[in-house]
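Notes follow once the structure below has been shown.
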2 protein chains.
Amino acid sequence: MANSAHIEGTPNPNVSIDCVVFGFDNEKLKVLLIEQKNKGSINAQFALPGDLVLEDEDLHQSATRILKELTDLEGIYLKQFKTFGDPNRVRDVKDQEWLRTFREDPEARVITVAYYSLVKMEDYIPQAASLAGKVIWQNVDEVPQLAFDHNQIVNEALERLREEFEYKNVGYELLPKKFTLSMLQKLHEIILGIELDKRNFRKKIKKSEVLIPLEEKQSGVDHKPAQLFRYKSSSR
Amino acid sequence: MANSAHIEGTPNPNVSIDCVVFGFDNEKLKVLLIEQKNKGSINAQFALPGDLVLEDEDLHQSATRILKELTDLEGIYLKQFKTFGDPNRVRDVKDQEWLRTFREDPEARVITVAYYSLVKMEDYIPQAASLAGKVIWQNVDEVPQLAFDHNQIVNEALERLREEFEYKNVGYELLPKKFTLSMLQKLHEIILGIELDKRNFRKKIKKSEVLIPLEEKQSGVDHKPAQLFRYKSSSR
DNA sequence: CAATCTAAGTGTATTTTTTACACTTAGTGT
DNA sequence: ACACTAAGTGTAAAAAATACACTTAGATTG
């Protein structure tokens, strides 16, 4: 059955990946942006790291590859969170000179599968230049106007990060391998957007038994050094 | 800059929508399946309702349209939850005779954006036949082998439904407009997979103040009739 | 080397939330 | 009137969440 109308000339869409990479510098939550120096425009144009999905690539593979190519980041937490498909969100892929690959229908719409990622900032210094342009860390509350619908993508990524943070224990992906309880508390406060009581916070962490105290204390501070901890379950 | 290699002949992928429609009959959680009678195969082949996204369609619009076309369902809760893009999950769209529309590259891979939906079963009696074939409600714990990776899609939809259920108040989308506390409790028990204490459950619901008691009692039962309620916020 | 500064570290009492648990009641059917 | 079925209801105990202030270890300064 089925009136299988083959619509001649209806192009398949381009499919891309965009990554919202979060970092935490112990003060602010940051997001990784790429500065595009294309089309000779005067003002810097910022965008999320992203590119088209290749022909025989799984989406997660693709996200991993693209992030590596554009930012040199590897082996980090990557979570698909939403696909954006407004028909007008991007038109005409070939105008985007920084893209690595063009496809058969460069003028077709672009549907993008968005991922968010969590990075230990101590492990990553943005390359001065990547294939795509300059890579920078930007405070999430000071993100400039980005290309396409990338501001919206960042905002929705943030929402999802908050939600996931509350019921999964995903925060350690943003901290150094060794960290203090104050750093952990600060991270919670910033992601949840609330202040926490020091004693109650420590009580709760202790009961949850996810941390292991190290034989080591903080160094390089001009006050009482804090105990360092690491997460139990992972040897990351 | 940018080594914009136009890869000749790299086809854009097909993009489709698949919908996992949940219903609740006061006993079991159900999922809506379409029986495909194609290729003259002997055994019924079941699949999720789905089709290709049209050229100028937003993804949510597309899901709404496809669901209407294939199942006649309208105005229901629809939530995008994940995009599936294993390069081998579907090959060669033109083999799927029930699809409504073919695209420029029917042999290219198919990436599918999956939605889940919640339906008040009292409002919906599956059509004996739709464009696509017979539509049936199936218990989620008795889903047969489905086409492609649709079993996986159903499983992940269920996981997401459970997660969403716990922190959003989304359950009423599955209940009739008027319902009893026992029905609500049963729904919670089935979705969460645990048993609940009647008194404690009622206490918690009462405190949350989301229900309004109606001037009406259950009828047609051979025992003490229960008070009926509806949800406060919506006039659905 | 005494005084000062900074953030680390620690306990208790109160309130709120969660859990466990059993009998009475309103209506239907015989 | 008796039996059957699911509806409806309260209290006590345990666990979790909150509010709250002083002491301590090390670095810096005069």
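In what follows, every chain begins at residue 1, and chains take the letters A, B, ... in the order their sequences are listed.
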- Query: Contact class for B:S182 (heavy atom, under 4.0 Å): base, sugar-phosphate, or nothing?
  - Reply: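 Since only primed, P, OP1 and OP2 atoms lie under 4.0 Å of B:S182, the category is sugar-phosphate.
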- Look at all strands and tell whether A:Q227 reaches a base, only sugar-phosphate, or nothing, counting heavy atoms closer than 4.0 Å. sugar-phosphate
- Provide the full list of ring pair (Phe, Tyr, Trp, His ring centres under 6.0 Å) pairs with a residue in residues 196-218 of chain A, sequence neighbours left out, each pair given once.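 Listed by first then second residue: A:H188-A:F201.
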- Could you give the CZ-to-P distance, from A:R202 to C:dG11, as a whole number of Å? 12 Å
- When the distance from NZ of B:K203 to P of C:dC21 is rounded to whole Å, what number comes out?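 One finds 13 Å between P of C:dC21 and NZ of B:K203, rounded.
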- Under 4.0 Å protein heavy-atom contact, by nucleotide of nucleotides 25-30 of chain C - B base, S sugar-phosphate only: BBBS--
Name the atoms and distances for all side-chain donor-acceptor pairs under 3.5 Å in residues 135-145 of chain B, with sequence neighbours left out.
{"unit_1": "B:N139", "atom_1": "OD1", "unit_2": "B:K30", "atom_2": "NZ", "d": "2.9"}
{"unit_1": "B:N139", "atom_1": "ND2", "unit_2": "B:E142", "atom_2": "OE2", "d": "3.4"}
{"unit_1": "B:D141", "atom_1": "OD2", "unit_2": "B:K28", "atom_2": "NZ", "d": "3.3"}

- Message: At a heavy-atom distance below 4.0 Å, which nucleotide of DNA chain D is the first touched by chain B, and which is the last?
- Response: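 So the outermost contacting nucleotides come out as D:dT5 to D:dT11.
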- Pairs involving residues 180-207 of chain B, ordered by first then second residue, that meet salt bridge (Lys or Arg N to Asp or Glu O under 4.0 Å) (sequence neighbours left out):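 Sorted pair list: B:E27-B:K186.
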- Item | Inter- and intrachain pairs under salt bridge (Lys or Arg N to Asp or Glu O under 4.0 Å), touching residues 146-160 of chain B, at least two apart | B:K82-B:E156, B:R89-B:D149
- Assess whether atom CD1 of B:I194 is packed by more than 12 heavy atoms of other residues, nucleotides or ligands within 6.0 Å. yes
Partners meeting ring-ring contact (aromatic ring centres under 6.0 Å, His included) with [X] (sequence neighbours left out):
X: A:F22; value: none
X: B:F46; value: none
X: A:F84; value: none

- Message: Taking side-chain hydrogen bond (donor to acceptor under 3.5 Å, both in side chains) as the cut-off, I'd like each qualifying pair that reaches into residues 210-220 of chain A, sequence neighbours left out, listed once.
- Response: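 side-chain hydrogen bond (donor to acceptor under 3.5 Å, both in side chains) check on residues 210-220 of chain A returns A:K178-A:E216.
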- Message: Which residues in residues 185-199 of chain A have a heavy atom closer than 4.0 Å to any atom of DNA chain D?
- Response: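 DNA chain D contact set from residues 185-199 of chain A: A:D197, A:R199.
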- Query: Can you name the residues that form a salt bridge (Lys or Arg N to Asp or Glu O under 4.0 Å) with B:D123, not counting sequence neighbours?
  - Reply: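 Testing B:D123 for salt bridge (Lys or Arg N to Asp or Glu O under 4.0 Å), a comparison that skips the adjacent residues, returns B:K177.
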